Amino acid sequence: MMYKAMTIAGSDTSGGAGMEADLKTFQEMGVYGMTALTCIVAQNPNADWAHEIYPIEESVIEKQLATILQGIGCDAMKTGMLGSAELVELVARTIDKYELKNVVIDPVMVCKGIDTIMVPEAAAATKELLVKRALVMTPNLLEAAYLADMPSITNVDDMKQAAAKIHDNGCNYVIIKAGDRLSGSDALEIVYDGKTFTEKRHPKITGAYNHGAGCTFSAAVTAGLAKGMEVTEALEKAEAFIASALRKSFRLNQWSGALQHCAWRE
Ligand code: PXL
C-alpha cells in the first residue's frame with residue numbers, strides 16, 4: 001500500500017523550495033508524490049539571483065489536477081505558490097469538487113528573492129476562499145499577520161491572537177512558525193486547534209540556510225496526513241524532519257543554500 005500526496009505549487013529550479021522541496025520531502029517520508037505545477041521560477045545568475053516567475057496557463061493546471069484527482073486520487077494535498085486570484089479560485093473549486101479533506105494550505109506570500117509572490121488579489125482570495133477549506137494552515141509571521149488583519153506580529157501573544165483569528169475564519173489547525181524572526185534563542189511555533197494554544201520552542205539552528213524551510217515543513221505535515229496520522233503526530237514528525245534538514249543545510253552558491261532533505265537518514 002502506497003499513500004499518495006499532491007502538491008499544487010511552483011517549481012523552484014534551484015531545487016530548495018517549491019515543488020522540488022515538496023517532492024523530496026514526500027519521498028523521504030515514504031509517500032508517493034504528485035505535482036500540479038503552477039509556475040516555473042528561474043533564478044538569474046547574471047542578475048544577483050533575481051527570481052523570475054513564468055506562470056503556467058490555467059487550463060494546463062486544470063489538466064494536471066484532473067490527471068491526479070480524477071485519474072489517480074490522493075490521500076492528502078498541499079498548496080504552495082499560487083500566483084493569481086483565478087488560481088486560488090481553481091484550487092477552492094477543486095477541493096470542493098473532489099471533497100478533499102486532508103488539505104494543507106501553505107499561504108506562500110513572501111519569499112527571499114521575490115518581493116511579491118502574491119498579487120494583492122491572490123492574497124485576498126486565499127484569505128477568503130482557502131482558509132475555510134484548510135485542515136491545516138502553516139503561515140509564517142508575515143503571512144499570519146496578513147491573514148489575521150494585524151499590522152505585525154512581534155511576540156507570542158500576537159502569534160496566539162493571529163492564530164485565533166485565522167481559526168475563526170474556518171481553518172481547523174493553525175500553525176504559525178516564527179522561525180528565526182523573533183529574538184531569543186528559540187524558534188517559536190504556536191499551534192491552535194480551536195481549544196488549546198500549544199506553544200512549542202525549538203532551539204534555533206544557527207548558521208542554517210533556510211530557503212525552502214516553509215515548503216518542506218508543510219510538505220512533511222502533508223505526508224504525515226497522507227499516511228493517516230492525526231495532525232498532532234504529523235506535526236511532531238514534521239518538526240523532527242525540518243530540524244535535521246536545517247542542521248545539515250548547505251551552501252549552493254554566493255546567493256543561496258538549501259536544506260538537506262535526506263539528512264534524517266544519518
Ligand atoms: O519559499 C517560497 C517559494 C515557494 N515556491 C517556489 C519558490 C519559493 C522561493 O523561492 O521558488 C516555487
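The first residue of the sequence shown is numbered 1, and numbering continues consecutively from there. One-based numbering, in listed order, for ligands and for the atoms of each. Just so it is clear, the model here is predicted, and its values are computed rather than measured.
- Under the 4.0 angstrom criterion for non-hydrogen atoms, E20 is not in contact with ligand 1.
- For the pair E189 and R201, the salt-bridge criterion is not met [side-chain N within less than 4.0 Å of a carboxylate O].
- Residues M34 and I72 meet the side-chain proximity criterion, which asks for heavy atoms closer than 4.5 Å.
- Under the 6.0 Å distance and 45° angle rule, K127 counts as a cation-pi partner of Y146.
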Show me the donor-acceptor pairs, under 3.5 Å and distance only, between side chains in residues 237-253 and residues at least two apart or in other chains.
from : atom 1 : to   : atom 2 : distance (Å)
E239 : OE1    : K200 : NZ     : 3.4
E239 : OE2    : K200 : NZ     : 3.1
S244 : OG     : F241 : O      : 3.0
K248 : NZ     : E266 : OE1    : 2.4
S249 : OG     : Y209 : N      : 2.9
S249 : OG     : L246 : O      : 2.9
N253 : OD1    : W255 : N      : 2.8
N253 : OD1    : S256 : N      : 2.8

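- Take E52 and apply the side-chain hydrogen bond (donor to acceptor under 3.5 Å, both in side chains) test, not counting sequence neighbours, and it matches N44, Y54.
- Interface atoms of ligand 1 facing G10, defined by a heavy-atom separation under 4.0 Å, are 12 (C).
- In summary, the atoms of ligand 1 found under 4.0 Å from a heavy atom of S11, numbered by their order in the structure, are 12 (C).
- For G80, the heavy-atom gap to ligand 1 stays at 4.0 angstrom or more.
- Contact analysis puts C215 in contact with ligand 1, with a non-hydrogen atom separation below 4.0 angstrom.
- At a heavy-atom distance under 4.0 Å, only side-chain atoms of H211, from C-beta outward, approach ligand 1.
- Heavy atoms of V41 found under 4.0 angstrom from ligand 1 belong exclusively to the side chain.
- Each of the following atoms of ligand 1 lies closer than 4.0 Å to a heavy atom of H51: 10 (O).
- Residues N155 and D158 form a side-chain contact, since some pair of their non-hydrogen atoms from C-beta on lies under 4.5 Å apart.
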* Run the side chain to side chain contact (heavy atoms under 4.5 Å, CB included) check on T138 and K177 step by step: do they pass? -> CA-CA 7 Å; T138 56; K177 314 148 294 174; 4.2 Å; yes
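- Close approach of ligand 1 to A17 is summarised as follows: ligand atoms under 4.0 Å from at least one heavy atom of the residue are 1 (O), 3 (C), 8 (C).
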